[in-house]
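Both ligands and their constituent atoms are indexed starting at 1 by order of listing. Nothing here was measured: the structure is a model prediction, and the numbers come from that model. All values below were derived from every heavy atom in this structure, side-chain atoms included, with hydrogens, water molecules and symmetry-related copies excluded.
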Amino acid sequence: MHDSNHVAVIDFGSQYTQLIVRRVRELGFFAKLYAVEDFPDIGEPGAIILSGGPKSTADADAPDLDFAALQAFGVPVLGVCYGMQLLNKKFGGTVEASEKREYGPADLYPRDCMGLYEGVSEKSQVWMSHSDTVRNLPDGAEVIAVNQHGTPVSLKWDDRFYGIQFHPEVTHSHEGMRILHNFLLEAKDLLPFRIDDFKREVIEGIREKVGDKQIVCGVSGGVDSTVLAVLLHEAGANVRAIFVDHGLMRKDEGDEVRNNFHRMGVPIETVDCADLFLGKLDGVDDPEKKRVIIGGLFIDVFWDAVGNAEMLAQGTLYPDVIESASNAKSKASKIKTHHNRVDRILELQAQGKVLEPLAELFKDEVRALGASLGIPHDILHRHPFPGPGLAVRCPGVVTKKRLDIIRECDAIFIGKLKEEGWYEKVWQAYACLIPVKTVGVKGDERSYEWAISLRAVVSEDAMTADWVDLPHQLLRETSHKILNDVDGINRVLYDISTKPPASIEWE
Ligand code: XMP
């Protein structure tokens with residue numbers, strides 16, 4: 001999709017490369033990431049960005065690309081950090097190791113406020129992260145910006161080739177978005193990326209591939225699988241949407257998922273297997289063992305429900321695609337644990353029978369697609385919920401009694417967040433049972449009951465997270481209601497741990 005007129009970002013291994021793709025999309029253009037090994041097989045891009053990377057261009061194994069092929073595309077090229085150094089070498093200049101690695105903020109002084117730097121301040125903060133630097137410039141190269149020491153940090157080699165030593169994609173480069181945008185404006189043939197156009201194309205693609213074959217997909221009530229199921233339905237596919245209720249869901253969640261799909265007019269089938277899951281989890285207290293049991297069972301139950309369906313749709317997103325491409329080896333070893341059921345997916349994949357229509361989208365783009373499909377706002381803005389469900393919010397053994405207590409506390413907490421307008425301000429919030437009994441007094445009697453921990457975090461991508469400073473009155477009222485209404489709890493705690501070092505979930 002969009003193989004013409006998109007922005008091709010070539011990955012030289014920088015930790016920020018994915019962010020470049022995101023930023024270009026935020027600027028309204030479609031961007032795709034390519035491994036440098038795949039160059040020049042990148043379709044017909046309207047612009048090319050060469051990313052940064054950890055290597056030095058002097059290293060024997062430094063990533064390289066076919067410069068003649070790059071020139072043959074005839075489109076604007078922007079080299080970022082390593083990308084700029086590589087371009088300088090290709091044009092005949094030199095690169096050498098700096099005396100010391102430059103990491104952090106620097107001042108940028110554009111020579112002219114035009115082209116790449118149109119509308120950019122005379123002095124602007126940018127973010128550096130490099131150890132090599134360009135030294136000799138080839139004939140015809142032009143320095144278009146310097147840093148506070150007068151060192152060139154931005155070059156232009158001819159009409160179409162630009163280089164920047166800094167990272168425009170990180171927010172610490174205060175005018176980075178403007179600089180990126182100015183670069184993209186140099187590309188005359190770029191098409192804007194509109195989610196409605198994307199939707200039309202994806203739907204056509206689904207119709208073409210699926211025809212009248214039966215296609216199955218799993219739904220969990222989460223954003224990705226919901227958008228996937230609605231998309232297939234909208235495409236008129238003969239789709240079976242299967243909801244495996246493993247009994248580790250939150251209070252009334254099964255009914256809520258069914259109601260939501262009913263509201264959207266998409267039929268789903270429920271496989272109710274709470275007893276099976278609880279039975280297999282009996283006595284298991286190790287978090288990873290819980291995960292393996294739940295993951296394995298889930299796949300078994302799902303495939304039994306699927307029967308002989310010919311095609312399978314999965315809600316894979318772009319970050320997963322990028323990660324699995326860069327991490328192919330570690331992924332392959334993980335997959336092994338799920339035996340033949342996963343072999344069946346690989347088999348279907350080899351036959352072109354696995355459809356991943358969201359695989360080019362980031363999470364917020366999936367939400368935009370969902371909105372364009374008419375999916376209600378509350379469904380698209382649900383907090384993430386882990387696959388193993390409440391099992392990872394129940395340290396120690398998982399029992400029905402413990403799960404019921406978590407469900408009650410969680411419903412009170414989440415209800416309060418919604419009532420007070422906090423639900424959508426936080427990334428994720430939940431209750432976790434701490435199965436340690438402490439002494440208290442309830443009525444006139446001594447109580448000896450468990451504690452519940454409440455957690456609310458904000459995060460960009462779940463990699464790091466900060467706890468939310470919720471209003472004390474909200475916490476006070478939540479605690480009061482839990483202590484009054486939930487049997488088995490006599491103590492409420494609020495978790496004030498950041499990630500890292502804590503994780504978002506307890507297990
Ligand atoms: P952690 O606890 O690792 O969580 O900081 C990061 C994000 O991932 C979710 N999570 C999971 N999701 N299966 C999932 O599908 C899992 O086993 C799992 N563990 C954690 C978690 O809810 C948070 O959003």
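One N or O on the side chain of Arg240 and one on the backbone of Val306 form a donor-acceptor pair closer than 3.5 Å. For Arg455 (side chain) and Trp506 (main-chain N/O), no donor-acceptor pair under 3.5 Å exists by modelled atom type.
Close contacts of ligand 1 with Gly387, meaning ligand atoms under 4.0 Å from a residue heavy atom, involve 12 (N), 13 (N), 14 (C), 15 (O). Per-residue contacts place Lys499 under 4.0 angstrom from the following atoms of ligand 1 (heavy atoms of the residue considered): 1 (P), 3 (O), 5 (O), 6 (C). In the vicinity of Ser503, heavy-atom distances shorter than 4.0 Å reach the ligand 1 atoms 1 (P), 2 (O), 5 (O). For ligand 1, the atoms sitting less than 4.0 Å from at least one non-hydrogen atom of Pro388 are 13 (N), 16 (C), 17 (O), numbered in the order shown with element in parentheses. For ligand 1 and Gln428, the ligand atoms under 4.0 Å from any heavy atom of the residue are 21 (C), 22 (O), 23 (C), 24 (O). Close contacts of ligand 1 with Arg291, meaning ligand atoms under 4.0 Å from a residue heavy atom, involve 16 (C), 17 (O), 18 (C), 19 (N), 20 (C).
Looking at ligand 1, you won't find any N or O of Arg393 less than 3.5 Å from one of its N or O atoms.
Both tests hold for Arg250 against Phe385: distance to the six-membered ring centre under 6.0 Å, angle to the ring axis within 45°.
For Arg382 and Glu253, the salt-bridge test passes: some basic side-chain N is under 4.0 Å from an acidic carboxylate O.
The nearest protein atom to atom 7 (C) of ligand 1, hydrogens excluded, is given as Ala462 CB, 3.8 Å; this is a heavy-atom distance. Here the protein heavy atom with the shortest distance to atom 4 (O) of ligand 1 is Ile504 CB, 3.9 Å. With respect to atom 22 (O) of ligand 1, the closest heavy atom belonging to the protein is Glu505 OE2, 2.5 Å. Given atom 11 (C) of ligand 1, the protein heavy atom at minimum distance is Pro386 CB, 3.5 Å.
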- Query: For Leu297 and Phe302, what are the C-alpha separation, side-chain angles and deciding distance, and is it a side-chain contact (heavy atoms from CB on, under 4.5 Å)?
  - Reply: CA-CA 8 Å; Leu297 260 187; Phe302 179 73; over 6 Å; no
- When you look at Tyr430 and Ile414, which way does the side-chain contact (heavy atoms from CB on, under 4.5 Å) test go after all the steps? CA-CA 7 Å; Tyr430 66 88; Ile414 297 297; 5.7 Å; no
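Ring pair Phe298/His246 is perpendicular by interplanar angle, where above 60° counts as perpendicular and below 30° as parallel. In this pair, Phe193 and Phe198 present their aromatic rings perpendicular. The plane angle is above 60°, beyond the 30 to 60° band.
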